[in-house]
**Q** 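Let me begin by handing over the structure; questions about it come next.
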Amino acid sequence: MEKRVYKITLIEGDGIGHEVIPAARTVLEATGLSFVFDEAEAGWETFERIGTSVPEETVEKIERSDATLFGAATSPTKKVEGFFGAIRYLRRRLDLFANVRPAKYHPVPGATPGTDLIVVRENTEGLYVEQERRYARGRVAIADRVITYDASYRIVEFALELAERRRGQLALVHKANVLPLSDGLFLEAAYDAAKRHPTVEIEEVIVDACAMRLVRDPSQFDVLVMENLFGDIISDLTAGLVGGLGIAPSGNIGERAAIFEPVHGSAPDIAGKGIANPTATILSAAMMLDHLGEARVARVIEEAVDRVLEAGPRTPDLGGKATTQEFAEAVAAKTQELLSA
Ligand SMILES: NC(=O)c1ccc[n+]([C@@H]2O[C@H](COP(=O)([O-])OP(=O)(O)OC[C@H]3O[C@@H](n4cnc5c(N)ncnc54)[C@H](O)[C@@H]3O)[C@@H](O)[C@H]2O)c1
Ligand SMILES: O=C(O)CC[C@H](C(=O)O)[C@@H](O)C(=O)O
């Protein structure tokens, strides 16, 4: 059979994106699969240079490729005229409606054994419609939070299908006790979708109780589905359960495109030092391979990551002294060794 060549767009973005993307590329190149990598730009540095954070050429490259690996992009906390957040824009522009955020135990300090769950985050609406305004001479601010039946149905359907391939449990995470019209609509759509998946065990969990239960015993959860901002916050919590942001991968999945990225941001506090942990990006690259149908190689990369995390070298966030690239090279070597065994 002719060997498939995968077209992958690489977007470093800002800060540690410049370090973790080359690290993940080192691991991908060790798999023996064939890739054509195409680099594209996005983020704050791009905005400062050319006045837009996502050039059209970047969108076209993503649409033309089989999948994209994204590092991180910086967003300022003050309003900057003409600026929009790169990853937020790409999620909505390309209708990458499902943000899939696994949290699985890896052998690192502070990780909770038994954690093996996936947060499915709605990725196109909620507060991320980014419609804010101020009134009363600037002393009152309102942000719209949009929940639609269709987007809720679509994300819950995605989560139900995922749960069917796993342990068959789905938690519907919501705040309908306080917001019965909006989060209540999410639940209505969820139960309509669930009618077609009778084998999945459904549980409703109010988001604040969900946070508490996750901290106390994450092993009670399999798949959790929720609107955008709840998913943003809960997925950082679940990253914390498995060793921190240096570890947590994700995929933004749509019908026309898919972008894989670490859950973390551009980490300005450590950028440029070569000490960022590339595990989250390497595991995102493994998710990308899984998505492309290369499940076996994806599992081997995950195994290689675990072997290196166990034996060292480790990056400073996990108590080690390794650089980003040293860690990646160790994972690449272990990947090659496991693939040829
Ligand atoms: N998807 C994205 O592009 C994305 C995601 C989150 C934050 N951001 C942006 O990133 C910038 C910084 O945000 P923040 O500081 O809240 O979050 P962050 O994830 O960048 O960093 C939070 C903390 O975790 C540490 N950390 C993160 N990734 C790490 C890694 N791989 N290895 C070791 N330590 C790591 C950082 O050093 C920092 O102390 C902001 O401008 C924010 O808007 C972008
Ligand atoms: O800083 C940004 O522009 C987006 C950050 C981003 C988010 O979805 O809010 C990040 O926190 C994430 O979880 O992907």
Side-chain angles (χ1 to χ4, degrees), residues 11-24 41-48 53-54 68-80 83-93 96 98-101 103 106 108-110 119-130 143 226-240 242-252 259-285 305 309 314-325 327-328:
I11 302 175
E12 292 182 0
D14 299 314
I16 61 169
H18 296 299
E19 299 157 46
V20 294
I21 290 291
E41 55 174 352
W44 176 252
E45 291 163 25
T46 305
F47 174 74
E48 283 201 308
S53 31
V54 182
T68 295
L69 194 60
F70 184 95
T74 300
S75 293
T77 49
K78 288 210 164 65
K79 181 134 184 78
V80 174
F83 173 84
F84 49 85
I87 193 66
R88 288 176 270 145
Y89 174 78
L90 288 169
R91 289 168 183 161
R92 297 191 71 213
R93 166 78 187 264
L96 308 175
N99 195 329
V100 181
R101 300 190 149 186
H106 296 280
V108 296
V119 172
V120 176
R121 165 183 177 188
E122 202 291 323
N123 221 16
T124 64
E125 57 179 26
L127 279 165
Y128 283 77
V129 296
E130 299 180 44
M226 61 203 79
E227 67 84 48
N228 212 335
L229 185 68
F230 294 166
D232 180 46
I233 297 167
I234 293 289
S235 63
D236 268 41
L237 188 161
T238 58
V242 293
L245 286 169
I247 302 282
S250 77
N252 301 276
I259 300 180
F260 297 83
E261 54 156 350
V263 171
H264 66 69
S266 56
D269 54 336
I270 58 164
K273 297 184 179 156
I275 55 166
N277 186 347
T279 300
T281 313
I282 293 169
L283 292 174
S284 302
V305 164
L309 286 174
R314 285 177 177 170
T315 46
D317 58 311
L318 301 177
K321 288 198 166 62
T323 65
T324 307
Q325 202 54 33
F327 179 86

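Because the structure is a prediction, the values reported are computed rather than measured. First listed ligand is number 1; within each ligand, the first listed atom is number 1.
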**Q** With a 4.0 Å heavy-atom cut-off (strictly under), which part of Arg121 contacts ligand 2: side chain, backbone, both or neither?
**A**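 The side chain, only.
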**Q** Is the shortest heavy-atom distance from the side chain of Ile234 to the side chain of Thr238 under 4.5 Å?
**A** yes
**Q** I need the contact residues for ligand 1: any residue with a non-hydrogen atom closer than 4.0 Å to the ligand, ordered by chain then number.
**A**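 Contacting ligand 1 under 4.0 Å are Ile16, Phe70, Ala72, Ala73, Thr74, Ser75, Ile87, Leu245, Gly246, Glu261, Val263, His264, Gly265, Ser266, Ala267, Pro268, Asp269, Ile270, Ala276, Asn277, Asp317.
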**Q** Can you check which of Ser75, Ser53, Ser235 brings a heavy atom nearest to atom 1 (O) of ligand 2?
**A**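 Looking at heavy atoms only, Ser75 sits closest to atom 1 (O) of ligand 2.
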**Q** What protein heavy atom lies closest to atom 10 (C) of ligand 2? Include the residue and the distance to one decimal.
**A** Asp232 OD1, 3.8 Å
**Q** Considering heavy atoms of the protein only, find what lies nearest to atom 9 (O) of ligand 2 and give residue, atom and distance to 0.1 Å.
**A** Tyr128 OH, 2.6 Å
**Q** Ignoring hydrogens and geometry beyond distance, is a side-chain donor-acceptor pair present between Arg121 and Ser250 at under 3.5 Å?
**A**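 Note: Arg121 and Ser250 side chains miss the donor-acceptor criterion.
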**Q** When you measure from atom 6 (C) of ligand 2 to every protein heavy atom, which one gives the shortest distance, and what is it?
**A** Arg91 NH1, 4.2 Å
**Q** Test your reading of the model: is there a side-chain donor-acceptor pair from Asp14 to the backbone of Trp44, 3.5 Å cut-off?
**A** yes
**Q** Please tell me whether Glu48 and Thr46 have a donor and an acceptor in their side chains that are separated by less than 3.5 angstrom.
**A**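 Looking only at side-chain atoms, Thr46 and Glu48 do not form any donor-acceptor pair under 3.5 Å.
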**Q** Considering only the protein, which heavy-atom contact is closest to atom 4 (C) of ligand 2, and what is its distance?
**A** Arg88 NE, 3.7 Å
**Q** Hey, are Asn252 and Glu261 close enough side-chain-wise for a donor-acceptor pair under 3.5 Å?
**A**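 There is such a pair between these side chains.
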**Q** Please check this pair: side chain of Gln325 against backbone of Ala328, looking for a donor-acceptor N/O pair closer than 3.5 Å.
**A**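 Absent.
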**Q** Do you know the tightest heavy-atom contact between Ser53 and Ala86?
**A** O-CB, 4.1 Å
**Q** Between Arg101 (side chain) and Ser235 (backbone), is there a donor-acceptor pair under 3.5 Å?
**A** no
**Q** Using a 4.0 Å heavy-atom cut-off, say whether His264 meets ligand 2 through its side chain, its backbone, both or neither.
**A**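 Within the 4.0 Å criterion, His264 makes no contact with ligand 2.
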**Q** Any luck finding a side-chain donor-acceptor pair between Asp232 and Tyr128 under 3.5 Å?
**A** yes
**Q** Are any side-chain N or O atoms of Thr324 and backbone N or O atoms of Gly274, one a donor and one an acceptor, separated by less than 3.5 Å?
**A**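 Yes.
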**Q** Can you tell me which residue and heavy atom of the protein come closest to atom 12 (C) of ligand 2, and the distance to 0.1 Å?
**A** Arg101 NH2, 3.4 Å
**Q** Starting from atom 5 (C) of ligand 2, find the nearest protein heavy-atom neighbour and note its residue, name and distance.
**A**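 Checked against all protein heavy atoms, atom 5 (C) of ligand 2 sits closest to Ile87 CG2, 4.8 Å.
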